[in-house]
Amino acid sequence: MKLYNTLSKRKEEFVPLEARKVKMYVCGPTVYNFIHIGNARPMIVFDTVRRYFEYKGYEVNYVSNFTDVDDKIIKKAIEEGVSANEISQRYIAECKKDMAGMNIKPATTHPLATEEICGMVEMIHKLIEDGYAYEKSGTVYFRTRRFKEYGKLSHKNLDDLQSGGRSLLITGEDEKEDPLDFVLWKPKKEGEPSWESPWSDGRPGWHIECSVMSKKYLGEQIDIHAGGEDLVFPHHENEIAQSEAANGKEFSKYWMHNAFLNIDNRKMSKSLGNFFTVREISEKYDLQVLRFFMLSAHYRSPLNFSEELMEASKTGLERIINAVDNLKHLIGATKTVAMSAEEQKLLDATSVYVSDYEKAMEDDFNTADAIASIFELVKYVNTTVHVEQSKEFFQHLIALIVKLTDILGIIVDKAEELLAKDIEILIEERQLARKDKNFQRSDEIRDELLKQGIVLEDTREGVKWKKA
RNA sequence: GGCGCCAUAGCCAAGUGGUAAGGCAAAGGUCUGCAACACCUCUAUCACCAGUUCAAAUCUGGUUGGCGCCUCCA
């Protein structure tokens with residue numbers, strides 16, 4: 001399996017630290033509002049990475065944090081006149097709802113920054129002891145130039161950064177030894193939540209939390225650290241500096257970063273205000289469609305979001321779901337149970353789609369290509385099956401499609417809802433009307449059912465229905 | 001100013017040296033009372049220029065256009 005490592009700027013063969021195990025950490029959202037669809041991209045992408053590893057038999061320890069202490073959370077709390085904790089708890093709960101809708105597996109552990117302050121204080125203390133950090137008026141800074149490899153992830157050198165000019169201007173008035181130093185701990189301001197520390201009552205800087213939580217739940221060394229590409233610098237660069245300075249060993253072997261989701265080819269971000277929340281999208285689409293849409297491009301390519309593209313994704317996803325529905329219908333329609341030798345051969349022929357699929361996934365999780373294999377399988381199924389074949393054959397085909405879509409977190413085999421008795425009666429009546437060529441009545445019934453969200457399809461094998 | 005990415009059909013999107021996957025849309029057809037589903041048919045020389053090579057979308061150089069990071073941000 002190959003994956004692109006931001007650290008080396010190339011695809012590398014994945015070799016786990018420990019056989020058959022993957023330790024991965026994905027930077028999670030700051031919870032001060034509903035998550036937007038840009039936040040959803042890494043969640044979907046790395047959940048898919050996790051699912052593929054699990055499919056390959058790895059045991060994945062997947063840790064993803066919630067940043068629940070932050071300026072924006074405090075600001076929101078003040079606006080609403082409630083506690084910061086209330087805000088973060090609320091949006092963690094909402095975020096989990098959205099994640100469930102997108103079929104994102106809960107992480108093995110979802111740590112909260114506010115519950116790990118103790119570990120942060122410890123790590124900061126160690127960094128000061130070793131000369132990697134220093135305190136000025138209650139604020140603790142990381143001494144960036146002391147960490148010789150600073151810049152290795154983002155491939156920047158310190159002098160370039162400094163000559164950039166902007167950082168100098170912005171940080172001109174504080175007490176840093178060097179403009180590139182960053183905050184590990186800062187004193188509270190009036191009314192802010194705070195924790196005790198040897199330096200001041202205050203709260204941790206943003207970067208230290210991930211270093212600490214990763215260490216606590218996964219150990220000093222992990223396999224994969226992931227997040228959005230904007231986190232490469234400074235967040236992940238700083239994490240490396242903190243963790244490697246404190247632990248004295250390589251922090252993460254592989255660094256994976258997803259590209260951005262754009263709207264009208266512009267970056268979507270909270271500060272630009274051009275964003276959609278996942279919740280908004282869920283009012284119009286099944287979030288499965290959003291997930292399918294996100295996986296239709298490679299995770300390292302920018303992806304443009306629009307309603308038109310969502311519609312296309314919806315139709316495409318329906319094509320796969322229809323194939324499965326059709327198979328389920330055939331299972332009910334056929335009388336043959338056991339699979340014939342001929343059918344076994346037809347089934348064996350599907351292995352090419354599975355191997356294409358795996359090949360795509362093993363090449364840095366090329367989900368776009370993997371989806372193409374699924375479509376090819378769907379086409380094969382649609383052109384191969386007919387009602388004289390066996391239940392067993394159809395069941396195998398369903399299982400195959402489900403296997404491949406499930407790795408992508410796409411649900412195609414929705415649990416059958418029971419048809420209400422009166423709906424069944426209506427379908428029966430419509431069939432009689434059609435037999436009598438009373439098409440007015442049959443269309444009436446179809447329209448009526450449509451109003452209730454039931455779509456009827458007349459096929460050679462009888463009437464099929466599905467939810468609209 | 002520094003660092004970096006991208007440019008493939010109407011749209012989306014794979015493909016990174018051997019002659020263009022897949023999906024959506026559009027068109028024609030089969031099936032069907034109609035519709036829907038499904039199936040069949042059909043649509044590209046890969047931004048531009050120059051070079052390397054028997055061979056380039058794929059490598060090199062340049063041009064144009066778009067974007068990202070360097071500042072909270074997935």
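Note on naming: letters A, B, ... go to the chains in the order of the sequence lines (proteins, then strands), and numbering restarts at 1 for each one.
- Look at the C1' atom in both B/U63 and B/A55: the space between them is 26 Å, to the nearest Å.
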| message | For nucleotides 34-39 of chain B, give me one character per nucleotide, 5' to 3': B if any protein heavy atom sits under 4.0 Å from the base, S if the only such contacts are to the sugar-phosphate, - if neither. | response | BBBSSS
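- Atom CZ of A/Phe34 is separated from atom P of B/A74 by 16 Å (rounded to the nearest Å).
- Between atom OH of residue A/Tyr353 and atom CG of residue A/Leu377 there is a gap of 7.0 Å, rounded to the nearest 0.5 Å.
- Rounded to the nearest 0.5 Å, atoms CZ (A/Arg51) and CD1 (A/Ile410) are 9.0 Å apart.
- Here B/G4 presents its P atom at 19 Å from CG of A/Asp230, a figure rounded to the nearest Å.
- The nucleotide whose nearest atom lies closest to any side-chain atom of A/Lys156 is, among B/C24, B/A74, B/G2, B/G2.
- Using cut-offs of 30° and 60° for the angle between ring planes, the A/Tyr52 and A/Tyr357 rings count as tilted.
- Nucleotides B/U52 and B/G18 place their C1' atoms 16 Å apart, quoted to the nearest Å.
- Below 30°, between 30° and 60°, or above 60°: for A/Tyr91 and A/Phe34 the angle between ring planes is above 60°, a perpendicular geometry.
- Residue A/Lys437 is the one, among A/Gly227 and A/Lys437, whose nearest nucleotide of RNA chain B lies closer to the 5' end (criterion: closest heavy atom).
- Rounded to whole Å, the P atom of B/G23 lies 15 Å from the corresponding atom of B/A14.
- Separating the P atom of B/G61 from that of B/C67 is a span of 24 Å, rounded to the nearest Å.
- Taking the C1' atom of each, B/A38 and B/C49 are spaced 48 Å apart, rounded to whole Å.
- For the P atoms, the distance from B/A26 to B/C37 is 11 Å, rounded to whole Å.
- A tilted orientation is assigned to the rings of A/Tyr254 and A/Phe14, their planes being inclined by 30° to 60°.
- Across B/C3 and B/C46, the matching P atoms stand 31 Å from one another, rounded to whole Å.
- For A/His36 and A/Phe276, the gap between ring centers reaches or exceeds 6.0 Å.
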| request: Using a 3.5 Å limit on both pairing distances, list the dot-bracket string of RNA chain B from the 5' end; Watson-Crick and G-U wobble pairs count, crossing pairs take [ ], interstrand pairs take |. | output: ((((((((.[[[..)..(...]]]..((((.......)))).....[[[[[..)....]]]]])))))))....
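- Atom-to-atom, NZ of A/Lys9 to P of B/G4 comes out at 5 Å; the value is rounded to the nearest Å.
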Below 3.5 Å is the cut-off: list the nitrogen or oxygen pairs between protein and nucleotides 14-19 of chain B, distance only.
unit_1, atom_1, unit_2, atom_2, d
B/A14, OP1, A/His298, N, 2.7
B/A14, O3', A/Asn366, ND2, 2.8
B/A14, O2', A/Asp369, OD1, 2.4
B/A14, O2', A/Asp369, OD2, 2.7
B/G15, OP1, A/Asn366, ND2, 2.9

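- Following rounding to the nearest Å, A/Asp98 (CG) and B/A74 (C1') show an atom-to-atom distance of 14 Å.
- Regarding A/Phe66, its CZ atom lies at a distance of 13 Å from the C1' atom of B/A74, rounded to whole Å.
- Contact annotation for A/Ala312: backbone-only contact, meaning every heavy-atom pair under 4.0 Å involves sugar-phosphate atoms and none involves a base.
- For A/Arg291 and A/Asp47, the salt-bridge test passes: some basic side-chain N is under 4.0 Å from an acidic carboxylate O.
- B/U53 and B/A47 are spaced 23 Å apart, taking the P atom of each and rounding to whole Å.
- Under a cut-off of 6.0 angstrom, the local environment of NZ in A/Lys188 is sparse, with at most 12 non-hydrogen atoms contributed by other residues, nucleotides or ligands.
- Residues A/Asp71 and A/Arg203 are paired through a salt bridge, judged by an N-O separation under 4.0 Å between the basic side chain and the carboxylate.
- Atom-to-atom, CG of A/Asn262 to P of B/C12 comes out at 12 Å; the value is rounded to the nearest Å.
- With centres under 5.5 Å and a plane angle under 30°, the ring of A/Phe439 is stacked against the base of B/G33.
- At the heavy-atom level, A/Ile371 lies nowhere under 4.0 Å from the strands shown.
- In this structure, A/Phe293 reaches neither bases nor backbone, as no heavy-atom distance under 4.0 Å exists between it and the strands shown.
- Rounded to the nearest 0.5 Å, atoms CG (A/Asn61) and CD1 (A/Ile222) are 10.0 Å apart.
- We find that A/Asp286 and A/Lys314 are not joined by a salt bridge, their nearest charged nitrogen and carboxylate oxygen being 4.0 Å or further apart.
- The interatomic distance linking A/Asp47 (CG) with B/A74 (C1') rounds to 15 Å, in whole Å.
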| query | Going through the distances and angles, do A/Lys466 and A/Asn322 end up as a side chain to side chain donor-acceptor pair (under 3.5 Å)? | reply | CA-CA 9 Å; A/Lys466 63 180 182 184; A/Asn322 275 334; 2.9 Å; yes
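- Separating the CG atom of A/Leu317 from the P atom of B/G23 is a distance of 14 Å, rounded to the nearest angstrom.
- Contact check on A/Glu362 versus A/Lys359 returns no salt bridge, with no Lys/Arg side-chain nitrogen under 4.0 Å from an Asp/Glu carboxylate oxygen.
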